[in-house]
Protein chains: 2
Amino acid sequence: MNKLPEKTIGRLSEYRRTLLNCLAKGKTHIYSHELANLHNFTAVQVRRDIMLIGYSTTLKKGYDVKALIDVISKIIDTDEGINAAIIGVGNLGKAITTYFNGKRPKLRIVATFDNDPEKANRVIAGVKCYPISEINKLVNELDIRIGIMTVPPENAVSVLETLVNAGIKGILNYTSTPLSVPQNVHLEEYDMITSIEKVAYFVKQKK
Amino acid sequence: MNKLPEKTIGRLSEYRRTLLNCLAKGKTHIYSHELANLHNFTAVQVRRDIMLIGYSTTLKKGYDVKALIDVISKIIDTDEGINAAIIGVGNLGKAITTYFNGKRPKLRIVATFDNDPEKANRVIAGVKCYPISEINKLVNELDIRIGIMTVPPENAVSVLETLVNAGIKGILNYTSTPLSVPQNVHLEEYDMITSIEKVAYFVKQKK
DNA sequence: TGTACATTGTTATTTATTTCACACTACCTG
DNA sequence: CAGGTAGTGTGAAATAAATAACAATGTACA
Ligand SMILES: NC(=O)c1ccc[n+]([C@@H]2O[C@H](COP(=O)([O-])OP(=O)(O)OC[C@H]3O[C@@H](n4cnc5c(N)ncnc54)[C@H](O)[C@@H]3O)[C@@H](O)[C@H]2O)c1
Ligand SMILES: NC(=O)c1ccc[n+]([C@@H]2O[C@H](COP(=O)([O-])OP(=O)(O)OC[C@H]3O[C@@H](n4cnc5c(N)ncnc54)[C@H](O)[C@@H]3O)[C@@H](O)[C@H]2O)c1
């Protein structure tokens, strides 16, 4: 199971989301081409990904939805679950906190942090906001492993340092400041403007 | 300039953002390794990307920041600019509208749409909200080319159809429903849960 | 029951992207 | 103004990812 391609990891997450929907609708089996059509993928790609994670079916009635969810979950989740925190409770931080809660049983937002004293101790969607100064203590107490950064771009670098020092090993950066991290920390960056600009570029090509 | 790798397009957008910052700080020249270090890229990759877009410098004092911005802008922007709209003025839609406005001169959010009558005619960050029923008319009137979807997942498919019918050729989907579009429409998808799950996966590997 | 067919699993091939390696040259330094 | 250095530009090699091709096999149905 070692060395899954990074792209595959992303797709696994998406497959699972779709499979959970199927399950909710009472669908018990799904063909590779069905799963492919529900996304923008090809059936071969789906089969290949599924091969890579070591699941296979003897049936020719498609994959067992429940079983496939379980295999994917074994790869993505941990038994105990993983705790995350939002840093910067502004528009975006609030939106994510509200949206996220309860979506995934093994992935929880357990705290938010802000440096604005006004915001400390507020509760959003059941999640409490703490002063950023308490982060070291809370990372230990609540076993926070992932930091989701939604602070203003000019504070991104210093907040990153705070997070790394606090021992956080996974960072998702929504700030428009690109960051770099030590080897032992995993960083995922996402910049919305880049996404829009990519769309703009391709729209331009189509004219 | 045909056939730039897709990955390169994304990086160009990020280079430009950084270059604009440099320019604002009065920096006139930048080395490939400087630009690389400001992101998580290598100097070779930066040079390769810059080679692909046809810019080069005779100097050994690095690239001319201003000139490089111009070349990148020629690729990403159009002279007249491109107009975009937000569909679904909820938490996320509001956050993006507020955040985005004025960030890029050639990329404007000119309208938002919602099906909630309460929200119609409200103004957020200077952008007016229209009933979704008026979208066909407004796509023409305002020359909207890009639709940013932030509606609830269960309405994603029908909203997509509305957008495509209205003649929109570029779609950015923040909905957690995966979509597929006709050949002549460009679709970019981004699911936050997938990003967090990717981070979770890599954090797990590091334990 | 056996034949046609649909579907999976997997190896081989192709395509896309990154990295390496190095030629080339402007610039600095003495 | 020669020689060393630090930078760029780029063909070639390596790596990563997607696609094609097809053997194997369970299933439906005549
Ligand atoms: N809003 C969006 O849709 C959007 C989209 C793309 C990117 N972003 C990026 O996300 C970030 C936040 O955007 P926003 O619109 O939510 O901004 P915002 O100003 O609404 O929120 C920022 C929050 O961070 C807090 N903060 C500031 N410094 C802090 C620190 N050192 N420690 C802890 N908290 C701190 C502020 O008090 C505020 O609550 C920005 O970097 C922006 O570039 C936002
Ligand atoms: N909030 C987040 O941070 C976040 C993160 C990731 C993904 N998302 C996704 O973004 C989408 C929106 O999230 P949100 O938190 O802003 O939800 P929300 O419920 O706050 O907002 C949805 C908005 O869409 C409007 N709407 C509903 N049907 C519509 C239609 N047919 N046409 C036009 N407008 C319509 C609603 O009136 C509402 O204003 C969801 O699909 C969610 O999965 C949100």
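Worth saying up front: this structure is predicted, and the values here are computed from it rather than measured. Letters A, B, ... mirror the listed sequences (proteins, then strands); counts begin at 1.
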Starting from [atom2] on [N], measure out to [atom1] on [X] and report it in whole angstrom.
X: Ile53(A); N: dT10(C); atom1: CD1; atom2: P; value: 13 Å
X: Met51(A); N: dA12(C); atom1: CE; atom2: P; value: 12 Å
X: Glu6(B); N: dA16(D); atom1: CD; atom2: C1'; value: 15 Å
X: Lys7(B); N: dT15(C); atom1: NZ; atom2: P; value: 18 Å
X: Leu52(A); N: dT11(C); atom1: CG; atom2: P; value: 11 Å
X: Lys3(A); N: dA16(D); atom1: NZ; atom2: P; value: 7 Å
X: Leu4(B); N: dA16(C); atom1: CG; atom2: P; value: 13 Å
X: Asn40(B); N: dT18(C); atom1: CG; atom2: P; value: 13 Å

Where do N or O atoms of nucleotides 26-30 of chain D meet protein N or O atoms at under 3.5 Å, pair by pair?
none

Are any side-chain N or O atoms of [X] and backbone N or O atoms of [Y], one a donor and one an acceptor, separated by less than 3.5 Å?
X: Thr194(B); Y: Tyr190(B); answer: no
X: Thr8(A); Y: Leu4(A); answer: no
X: Asn155(B); Y: Val151(B); answer: no
X: His39(A); Y: Glu14(A); answer: yes

- Note on the structure: From the list Ile87(A), Val159(A), Leu160(A), Ile148(A), side-chain contact (heavy atoms from CB on, under 4.5 Å) partner of Ile171(A) resolves to Leu160(A)
- Item | Criterion side-chain contact (heavy atoms from CB on, under 4.5 Å) against Leu163(A), the qualifying member of Val139(A), Ile146(A), Val181(A), Ile168(A) | Ile168(A)
- Applying the side chain to side chain donor-acceptor pair (under 3.5 Å) test to Glu189(B), which of Thr175(B), Thr177(B), Asn173(B) qualifies? Asn173(B)
- Query: So, is Ser56(A) close to the dG9(C) phosphate, meaning a side-chain N or O under 4.0 Å from OP1 or OP2?
  - Reply: yes
- dT7(C) phosphate, OP1 or OP2: any side-chain N/O from Ser32(A) under 4.0 angstrom? no
Find every protein N or O atom lying less than 3.5 Å from an N or O atom of nucleotides 19-23 of chain C, and list the pairs.
residue : atom : partner  : partner atom : Å
dT19(C) : O4   : Arg48(B) : NH2          : 3.0

- Given the options Lys106(A), Arg16(A), Arg104(A), Asp77(A) meets salt bridge (charged side-chain N to carboxylate O under 4.0 Å, His left out) only with Arg16(A)
- Between Lys204(A) and Phe202(A), is NZ or CZ placed under 6.0 angstrom from the six-membered ring centre and within 45° of the ring axis? no
